Amino acid sequence: MLKIYNTLAREKQIFTPIVAGKVSMYVCGMTVYDYCHLGHARVMVVFDMVSRWLRTSGYDVTYVRNITDIDDKIIKRANENGETIGQLTQRFIDAMDEDSEKLGVIRPNLEPRATEYVDGMIQMIAALIEKGFAYVASNGDVFYSVNNFEGYGKLSGKSLEDLRAGERVEVDTHKRDPMDFVLWKSVKPNEPSWDSPFGGPNGGKGRPGWHIECSAMSSHHLGERFDIHGGGQDLQFPHHENEIAQSEAAHSHDGKPCQMVNYWMHNGFVRVDDEKMSKSLGNFFTIRTVLEKYDAEVVRFFILRAHYRSPLNYSDQHLDDAKLALTRLYTALRGHDVVDTVIDWQHPQAARFKVAMDDDFNTPEAMAVLFDLANEANKTKSSEAAGLLKNLAGVLGLLQRKSDAFLQGEVIIELTGIQAKGSTGQLTSIVENLVKTTHCAVGALVGQDSAMSGMAARITKENIDELIVTRSEAKKAKNFVESDRIRKELAEAGIILEDSPQGTTWRRA
RNA sequence: GGCGCGAUAGCAAAGCGGUUAUGCCGCGGCCUGCAAAGCCGUUUAGACCAGUUCGACUCUGGUUCGCGCCUCCA
C-alpha cells in the first residue's frame, strides 16, 4: 500500500486515487530562459521516479509537466540577446529535452506551454472576477484578493497576518492588500500581449501572471480536481498556495470551493556547500556542465540515492562516490546474460524493494536492496539474482545499459601537465611521443592552436585489446616485468585490467 | 521577527523502542605470479541536557547549531 508524504497534511498518508486505477499528476516544470541546472535535474528525475513507480504499481498515469515560456525573465533575456521570445524559449526547450533524455527521464505524457493556454487563463481570471475573488486595478492589472479566499495559507502553513508582518517588498499601491498577487499584467512597451476583456487603461491588453498559468494548464488537462501536484520546495509558497487559491475559487460551486489537489509533493533542494543552489546565489551548476565530467547515469544515481525530500549536497566528491557505487552494481551484472522479465514481487528482495518504494518513495532503502542483490549475484554467480537486480534497478531507471557500456564507456584520457607551445610540426612530434609512451591512438586535441595547455588522447578498444594480447603472451612466458609494465601503462591511461580464469577484462577507472 | 525542516560513524545515507542498513574509504584474511574485481571478517555512530520506559539513535520536553520559506526561484 503506497504512502505519500502530503505537504498539505504534513504527514504520510495512504494514497487513494480519485479514480480507481488511475493517477493524474501535475508537476511545475521549467521557465525556459537558460540551461537547466542540477536543481532542475532533481525535479525531473524525482518525479520521473514517482511516475515510474506509480506505473509499476499498476496505475494508469497521466503525467503533466508544464513549460513556462512567457515571463519577465524570458522577455528580458530575449531582449538582451536580440532574439525573439520564441527563438529563445525553443532553444532552451530543446536543451532541456536533451538534458532530461540523458538523465533517463521518460517524457511526461503532456508538456503544455503556457503561451498556448492563454485563453484558458483569461477564462479563469474572468470567473475569479465574477465570483468576487479578483479585481481590476486602476492600472489595468488584475489582482487576486487573498482576503476573500478562506483557506489562504493552508498549504504553506502561513497566516495572512504573519505574512503581512514579514512583508519585505515595497507595496504595490494598486493592490487592495499587500498580499494580493497579480493574475494579469497590463501591457508594457515592447512586451508581448494578448487581448482580454478586463478593460483598464490599455483596453485589457496584457499577459498572464505566473501562478495562473499552472492553474489553467492543470485544470485543462487533469480537471478541476486531480491526485498529485509536485514541484520544488521553494514553490510551496507563494506559487502553490496561489494555485490553490485560484483553482479552488474559480472552480467553486454554490460558493463552496472545490479541492484542487489531494496530495502535494515537494522535493528538497540541491545544495552547494550547504546552501541552496540557485540562480540568484550564482552557485548553480548546469546539467550539461556536470555531464561533461560525469556519466549521466551517475548523476541520476546520485539524485536517487538520497530521499527526495532530503537536501542533497552537490560536490565532486559525492559524484565520485556515486560513480564507484554504481560501478559495483554494474560489475555484479557483468558476465550475466540478463533478460527483461516480469518481476516476481513475491521474491523476498523484491518485496523489500516494494515496501521501501511504497513508503513515500524511499529510494535509498530500495537501493540498499540492489546492493544486497549485487552481493548475492557476486557470491552465487546466480543469473537469477543478477536478473532481479537489473529489473528492479530498471524500475528506478538505472542499470539498463550493457555492463561494459558503462564500465568501459568512452575512453578519453586527459594528459595533464603538458605545456606545449610551438608549430604544428612540433606539436605533432609531441603527440607522436605520447602515442609511443602510452600506446594511445590520439583522436582529439584540445586547443588546436599553437599554444596548447592540454591535450586529450583517445585510446581505442582495439589498442587495449592488442595490449591485452601482448601482455597475456608475456604472462604465459612468465615475463612478469613486461606484463606488469603494460598493466601499469594502461593504468596511467585510466584503464584497469582485471585477470580472471576466463581471461583478462578491462574497465575505465 | 514569523513559520517550517534537520542534526546518524572518516564521507554519503536509511530503517527501527530491544536483533547486520547500504555504498565509498580504512584494517585483516581468502583468491591472484603480483594486482584488480569478488568473497569472508572487522574498526569508526546517533549534537547536547533532561524525562517516559525493563530497555531509546528511535517517543516527549528543552538547549545549541545548521538549513529553508516569508521577493523571482525546481
Side-chain angles (χ1 to χ4, degrees), chain A residues 7 10 27-31 36-47 65 68 71-73 153 156-159 161-170 179 181 210 230-239 241 266-271 274-281 284 301-302 305-307 309-313 315 317-329 331-332 334-335 352 355-356 359 362-372 374-375 377-381 407 475 478-481 483-484 487-488 491 496-501 504-507 509:
Chain A
T7 308
R10 290 177 195 285
V27 171
C28 288
M30 265 52 79
T31 301
C36 291
H37 58 62
L38 239 27
H40 300 120
R42 192 174 192 189
V43 182
M44 293 196 282
V45 169
V46 160
F47 288 100
R65 190 185 62 207
T68 295
D71 128 300
D72 291 352
K73 284 173 182 163
S156 54
K158 296 174 190 300
S159 70
E161 220 169 74
D162 294 341
L163 286 165
R164 290 196 193 100
E167 190 64 51
R168 284 188 297 171
V169 264
E170 68 264 44
M179 292 317 299
F181 58 89
W210 176 42
Q233 233 161 31
D234 47 357
L235 298 187
Q236 214 175 102
F237 188 90
H239 186 55
E241 195 69 63
H266 292 96
N267 67 274
F269 295 129
V270 176
R271 296 183 184 174
D274 283 320
E275 270 194 326
K276 177 184 172 182
M277 177 185 289
S278 73
K279 293 271 172 76
S280 44
L281 286 169
F284 63 92
F301 179 89
F302 166 70
R305 197 159 62 135
H307 185 84
R309 285 191 282 116
S310 305
L312 178 62
N313 238 338
S315 74
Q317 190 208 324
H318 297 155
L319 266 289
D320 289 337
D321 189 73
K323 178 184 164 184
L324 289 170
L326 187 56
T327 298
R328 176 171 164 80
L329 293 182
T331 302
R334 193 159 56 171
R352 217 181 116 208
V355 167
D359 182 17
N362 191 342
T363 53
E365 179 67 21
M367 293 254 194
V369 174
L370 301 185
F371 283 100
D372 285 349
N375 177 260
N378 286 333
K379 203 186 329 191
T380 64
K381 310 284 178 225
L407 294 170
K475 273 178 68 178
K478 305 269 184 211
N479 185 353
F480 296 124
V481 174
S483 69
D484 288 352
R487 186 171 64 195
K488 189 165 172 249
I496 296 168
L497 295 187
E498 294 172 347
D499 295 333
S500 80
T504 300
T505 54
W506 64 272
R507 64 186 169 90

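Proteins get letters first, then strands, A, B, ... in listed order; numbering begins at 1 in each. Everything numeric here is computed off the predicted structure, so don't read it as measured data.
- Between B:A14, B:A74, B:C70, one nucleotide has an atom nearer to the side chain of A:Thr31 than all others, and that is B:A74.
- Looking at A:Asn313, its side chain does come within 3.5 Å of a backbone N or O of A:Asp274 through a donor-acceptor pair.
- Here B:A74 presents its P atom at 9 Å from CG of A:Asp71, a figure rounded to the nearest Å.
- For B:C57 and B:U64, the P atoms lie 23 Å apart once the distance is rounded to whole Å.
- A:Glu498 and A:Arg334 are joined by a salt bridge, as a carboxylate oxygen and a charged side-chain nitrogen come within less than 4.0 angstrom of each other.
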Protein-proximity profile, nucleotides 31-42 of chain B, B/S/- by nucleotide at the 4.0 Å heavy-atom cutoff, equals --BBBBSSSS--
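- B:A50 and B:U42 have their P atoms separated by 34 Å, given to the nearest Å.
- Remark: the separation of the C1' atoms in B:G6 and B:A47 is 12 Å, to the nearest Å.
- Here A:Gly232 lies in heavy-atom contact (under 4.0 Å) with sugar-phosphate atoms only.
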Base-pair string, RNA chain B, Watson-Crick plus G-U, cut-off 3.5 Å on both distances, | for inter-strand, is (((((((..(((.....[...))).(((((.......)))))....(((((..]....))))))))))))....
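- Taking the ring centre of A:Phe480 as origin, the terminal cationic atom of A:Lys475 falls outside the region bounded by 6.0 Å and 45° from the ring axis.
- Of the charged side-chain nitrogens involved, at least one lies within less than 4.0 Å of a carboxylate oxygen, so that A:Asp484 and A:Arg487 count as a salt-bridged pair.
- Look at CG on A:Asn313: it is 11 Å from P on B:G68, rounded to the nearest Å.
- Residue contacts shown for A:Val46 are absent, as no nucleic acid heavy atom lies under 4.0 Å away.
- Residue A:Gln317 contributes atom CD, which lies 18 Å from atom P of B:G23 at whole-angstrom precision.
- Counting heavy atoms from C-beta outward, A:Val270 and A:Phe284 have side chains that stay 4.5 Å or more apart.
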Please walk me through it: do A:Thr68 and A:Met30 pass side chain to side chain contact (heavy atoms under 4.5 Å, CB included)? CA-CA 6 Å; A:Thr68 295; A:Met30 265 52 79; over 6 Å; no
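- For A:Asp274 and B:G66, a side-chain-to-base donor-acceptor distance below 3.5 Å is absent, hydrogens and geometry of angles not being considered.
- With rounding to the nearest 0.5 Å, the separation of CG in A:Asp499 from OG1 in A:Thr505 is 8.0 Å.
- Across the protein-nucleic acid pair, A:Glu161 atom CD and B:C70 atom C1' stand 15 Å apart, rounded to whole Å.
- On the P atoms, B:A12 is 26 Å away from B:G18, given to the nearest whole Å.
- Separating the C1' atom of B:C40 from that of B:A45 is a span of 24 Å, rounded to the nearest Å.
- The nucleotide whose nearest atom lies closest to any side-chain atom of A:Asp162 is, among B:G2, B:A74, B:U22, B:G2.
- Taking atom CG of residue A:Asn267 and atom P of nucleotide B:C5, one finds them 17 Å apart after rounding to whole Å.
- The residue among A:Arg309 and A:Leu235 whose nearest nucleotide of RNA chain B is located toward the 5' end is A:Arg309.
- Rounded to a whole angstrom, the distance from the P atom of B:C34 to that of B:C48 is 47 Å.
- You'll find that the side chain of A:Arg10 is closest to B:G4, out of B:A14, B:U22, B:G4.
- Rounding to whole angstrom units, NZ of residue A:Lys323 and P of B:C25 are separated by 13 Å.
- With both ends at atom P, the span from B:C39 to B:C65 equals 45 Å, rounded to whole Å.
- The side chain of A:Arg305 approaches B:A12 more closely than any other nucleotide in the set B:C72, B:A12, B:A21.
- When the C1' atom is compared between B:G68 and B:G10, the two are found 28 Å apart, to the nearest whole Å.
- A:Asp320 comes within contact range of no nucleotide atom at all, as no heavy-atom separation falls under 4.0 Å.
- Considering only the side chain of A:Asp321, B:C24 comes nearest among B:A14, B:G68, B:C24.
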